[in-house]
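Below is one structure, written out as structure tokens, with a few remarks after it.
Quick caveat: nothing in here was measured; it's all calculated off a predicted structure.
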Amino acid sequence: MRILTYRKTAGKRLHARHAENSKREKLHVSKGDTVRVMRGDDKGKEGKVLRVFLKTGRVLVEGVNLVKMHRKARTAEEQSGIREAPASVHASNLMLLDPKSGAPTRTKARFDTDTTHIERRRTKERVSVKNGEPIPRVR
């Protein structure tokens, strides 16, 4: 007995789906950075980045874009109610804050050529466009 196969999509189907799922957006912010919202209802608000969604290019910022969520009681002691939680914002609407001046700035990449440490021969670092100072990554 012959196994039925879809001839048109036999080889393409799995590879195309995997390629779509593995795509990632390159973002200028990472977890732990302090950012300012430049567009939208929460324009001007500042907060710390809680989570970064690389596939969608969206970012979860503390205290920004708060939405109300209804929560059902899970146990007998717990109480049901409405709670507020931050929803994601697109990364293009955010600007990174310069740690020294506190002003929003764009960033560029620069290779740090520190020869004192053998392990850190060429490490990539973010640099503020406004004053040329490096912006450390919060890990």
Side-chain angles (χ1 to χ4, degrees):
M1 184 173 189
R2 200 174 98 190
I3 299 171
L4 294 173
T5 57
Y6 296 103
R7 289 186 187 147
K8 288 182 181 176
T9 60
K12 300 175 193 172
R13 185 189 268 172
L14 294 174
H15 301 295
R17 193 178 309 149
H18 176 69
E20 268 311 301
N21 288 338
S22 65
K23 284 184 184 173
R24 301 277 189 268
E25 301 249 348
K26 291 196 175 179
L27 301 180
H28 61 284
V29 293
S30 60
K31 184 178 174 180
D33 288 340
T34 309
V35 293
R36 183 179 291 169
V37 181
M38 304 308 278
R39 300 269 186 278
D41 294 338
D42 296 319
K43 181 179 175 178
K45 285 189 181 178
E46 295 178 6
K48 195 170 112 180
V49 174
L50 301 173
R51 191 170 171 196
V52 176
F53 301 98
L54 291 174
K55 284 189 180 180
T56 58
R58 297 181 75 83
V59 179
L60 207 64
V61 183
E62 188 177 39
V64 173
N65 197 17
L66 294 173
V67 293
K68 294 186 184 290
M69 302 172 102
H70 297 262
R71 171 143 180 158
K72 193 175 181 181
R74 306 274 167 105
T75 62
E77 298 87 40
E78 193 178 352
Q79 191 174 359
S80 299
I82 300 169
R83 65 178 183 95
E84 281 193 342
S88 64
V89 180
H90 199 269
S92 64
N93 299 326
L94 303 173
M95 274 188 96
L96 192 64
L97 291 182
D98 192 21
K100 290 193 172 60
S101 64
T105 181
R106 289 174 288 128
T107 59
K108 60 183 178 181
R110 178 174 71 190
F111 284 104
D112 182 25
T113 54
D114 187 14
T115 56
T116 56
H117 300 294
I118 296 169
E119 309 92 39
R120 289 188 56 211
R121 213 169 277 151
R122 285 188 62 169
T123 56
K124 199 175 191 182
E125 63 182 358
R126 294 184 299 178
V127 178
S128 169
V129 171
K130 282 195 174 174
N131 58 12
E133 293 291 319
I135 301 172
R137 288 197 185 271
V138 182
R139 303 261 178 201

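You'll find the side chain of Ile135 reaches within 4.5 Å of the side chain of Pro99, heavy atoms only. Side-chain contact between Val35 and Val59 is absent, with no heavy atoms from C-beta onward closer than 4.5 Å. Counting heavy atoms from C-beta outward, Leu54 and Glu25 have side chains that stay 4.5 Å or more apart.
Pairing each heavy atom of Leu60 with each of Ala87, the nearest pair is CD1-C, 3.6 Å. Shortest non-hydrogen contact noted between Arg58 and Ser88 is NE-OG, 2.8 Å. Of all the heavy atoms in Phe53 and Leu27, the pair that sits closest is O-CD1, 4.4 Å.
Interatomic distance, Glu78 CD to Lys72 NZ, rounded to the nearest 0.5 Å: 12.0 Å. Here the straight-line distance linking atom CG of Leu96 with atom CG of Asp33 works out to 5.0 Å at 0.5 Å rounding. Annotation: the span from Arg83 atom CZ to Met69 atom CE amounts to 5.0 Å, rounded to 0.5 Å. Atoms OG1 and NZ, on Thr56 and Lys23 in that order, are 14.5 Å from each other to the nearest 0.5 Å. Of the inter-residue distances, the one linking Lys31 atom NZ with Arg51 atom CZ reads 9.0 Å to the nearest 0.5 angstrom. With rounding to the nearest 0.5 Å, the separation of CG in Asn131 from NZ in Lys100 is 7.5 Å.
Counted within 6.0 Å of CZ on Arg74, heavy atoms from surrounding residues, nucleotides or ligands total 12 or fewer; the atom is thus considered open.
Judged by distance alone, with hydrogens and angles left aside, the side-chain atoms of Lys130 form a donor-acceptor pair with the main-chain N or O of Pro104 at under 3.5 Å. Under the 3.5 Å distance criterion, the side-chain polar atoms of Arg126 are left unmatched by any main-chain donor or acceptor of Thr107. Between the side chain of His28 and the backbone N or O of Leu94 there is at least one donor-acceptor pair closer than 3.5 Å.
Applying the side chain to side chain contact (heavy atoms under 4.5 Å, CB included) rule to Glu84 yields the partners Leu66, Lys68; only residues at least two apart in sequence or on another chain are considered. With sequence neighbours excluded, the residues satisfying side chain to side chain contact (heavy atoms under 4.5 Å, CB included) with Ser92 are His90. Applying the side chain to side chain contact (heavy atoms under 4.5 Å, CB included) rule to Arg39 yields the partners Asn93; only residues at least two apart in sequence or on another chain are considered.
One hydrophobic cluster, built from ILVMFWY side chains closer than 4.5 Å, holds both Val89 and Val29.
With Val64 as reference, Val37 is the one residue of Val49, Val37, Leu50 to meet the side chain to side chain contact (heavy atoms under 4.5 Å, CB included) rule.
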Practice task
Please lay out, stage by stage, how Lys55 and Arg24 fare under the test side-chain contact (heavy atoms from CB on, under 4.5 Å).
Solution key: CA-CA 5 Å; Lys55 284 189 180 180; Arg24 301 277 189 268; 3.0 Å; yes
